[in-house]
Amino acid sequence: QVQLDESGGGLVQAGGSLRVSCAASGRTFSIYTMAWFREAPGKERVFVAAITPSGGSTYYTDSVKGRFTISRDNAKNTAYLQMNSLKPEDTAVYYCAARSKVWYSVNRYDYAYWGQGTQVTVSS
């Protein structure tokens, strides 16, 4: 098992930047594909970005391509989501998730481990 703990959320103005982090503990972090999902008020939890265990490949939903960057530091057991050019529609609770597979998935049900979430609010 792996335990996930997000941090770094907050309030930012439109056009600003924020980085959220996901610290992992438990089993070897480097075997997990890591992903970020977000859940806006009244909406379903949706895929944002993912990174393979080695960090060699990354994937993004279209709405964040060119603005968000997912990364990981396996030595620190931490994954990151750097968010630039933030828009009010990016407002959501951001969750990190892990799956013990080499490949990513956009389906939330394919991830066995979840953090508690961190709120990101973008004001206009």
Side-chain angles (χ1 to χ4, degrees):
Q1 272 193 327
V2 63
Q3 291 77 45
L4 305 175
D5 185 23
E6 301 99 334
S7 62
L11 173 65
V12 63
Q13 288 188 331
S17 298
L18 206 60
R19 187 179 80 161
V20 290
S21 302
C22 176
S25 60
R27 289 193 62 184
T28 306
F29 178 70
S30 60
I31 70 172
Y32 292 95
T33 286
M34 299 300 296
W36 288 93
F37 286 73
R38 65 186 180 187
E39 186 172 326
K43 297 188 177 181
E44 292 188 349
R45 192 173 301 185
V46 296
F47 174 82
V48 175
I51 186 167
T52 50
S54 68
S57 296
T58 56
Y59 308 91
Y60 301 90
T61 192
D62 286 346
S63 63
V64 308
K65 284 180 181 176
R67 300 189 299 121
F68 290 13
T69 302
I70 188 172
S71 62
R72 65 191 296 161
D73 185 337
N74 286 345
K76 295 183 178 180
N77 290 350
T78 304
Y80 306 95
L81 184 68
Q82 176 68 44
M83 302 180 286
N84 299 328
S85 302
L86 281 160
K87 304 175 181 180
E89 51 264 44
D90 295 317
T91 295
V93 177
Y94 282 72
Y95 296 89
C96 70
R99 68 192 302 252
S100 55
K101 302 290 184 183
V102 174
W103 210 239
Y104 82 106
S105 170
V106 300
N107 187 336
R108 60 178 289 192
Y109 299 105
D110 289 334
Y111 291 82
Y113 307 105
W114 292 85
Q116 81 288 350
T118 185
Q119 177 70 48
V120 172
T121 303
V122 184
S123 64
S124 57

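If you check the side chains of D5 and Q3, you find no donor sitting under 3.5 Å from an acceptor.
Other members of a hydrophobic cluster containing V102 are absent, since no ILVMFWY side chain comes under 4.5 Å of it, directly or through relayed contacts.
Tracing side-chain contacts under 4.5 Å through hydrophobic residues (I, L, V, M, F, W, Y), one reaches Y60 starting from M34; they form part of the same cluster. In terms of hydrophobic clustering, with Ile, Leu, Val, Met, Phe, Trp and Tyr side chains grouped at heavy-atom distances under 4.5 Å, V2 and Y80 are assigned to different clusters. In the hydrophobic cluster analysis, where Ile, Leu, Val, Met, Phe, Trp and Tyr join through side-chain heavy atoms closer than 4.5 angstrom, W114 is grouped apart from I51. Residues V20 and V12 share a hydrophobic cluster, clusters being chains of Ile/Leu/Val/Met/Phe/Trp/Tyr side chains in contact below 4.5 Å.
Here the CD-OG distance, from Q1 to S100, works out to 11.0 Å after rounding to the nearest 0.5 Å. Here the CG atom belonging to D90 is positioned 7.0 Å from the OG atom belonging to S63, to the nearest 0.5 angstrom. If you take SG on C96 and CH2 on W36, they are separated by 5.0 Å, rounding to the nearest 0.5 Å. Remark: T69 OG1 to N84 CG distance equals 6.5 Å, nearest 0.5 Å. Rounding to the nearest 0.5 Å places OG1 of T61 at 10.0 Å from CZ of F37. Taking OG of S30 as the reference point, atom CG of D73 lies at 11.5 Å (rounded to 0.5 Å).
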* Asked: What do the steps show when you test D110 against K101 for salt bridge (charged side-chain N to carboxylate O under 4.0 Å, His left out), and what is the final call?
  -> CA-CA 9 Å; D110 289 334; K101 302 290 184 183; over 6 Å; no

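For the pair V120/L18, a side-chain contact is recorded, criterion being any heavy-atom separation below 4.5 Å from C-beta on. Side-chain atoms of P53 and I31, non-hydrogen and from C-beta on, never get closer than 4.5 Å to each other. Side-chain contact between F68 and L86: present, with at least one pair of heavy atoms (C-beta onward) separated by less than 4.5 Å. Inter-residue side-chain proximity for L4 and Y95 is flagged as unmet; no heavy-atom pair is nearer than 4.5 Å.
Judged by distance alone, the side chain of R72 and the main-chain N or O of F29 form a donor-acceptor pair under 3.5 Å. Judged by distance alone, with hydrogens and angles left aside, the side-chain atoms of Q116 form a donor-acceptor pair with the main-chain N or O of E6 at under 3.5 Å. Side chain of T91 to backbone of V122: a donor-acceptor contact under 3.5 angstrom is found. The backbone N or O of N107 sits less than 3.5 Å from a side-chain atom of S105, completing a donor-acceptor pair. Judged purely by atom type and a 3.5 angstrom limit, T52 uses its side chain to pair as donor or acceptor with the backbone of S57.
Exactly one of K87, M83, R38 qualifies for a side-chain contact (heavy atoms from CB on, under 4.5 Å) with V64. That residue is R38.
Minimum heavy-atom separation, F47 to A35: CE1-CB, 4.4 Å. Residues S17 and S85 approach most closely at OG-N, 4.4 Å, considering heavy atoms. The two residues V93 and G117 come nearest to each other via the heavy atoms CG1-CA, 3.8 Å.
For Y59, the ring pair (Phe, Tyr, Trp, His ring centres under 6.0 Å) partners at least two apart in sequence or on another chain are W103, Y104.
In this structure, R99 forms a cation-pi arrangement with Y111, its terminal cationic atom sitting closer than 6.0 Å to the ring centre and no more than 45° off the ring axis.
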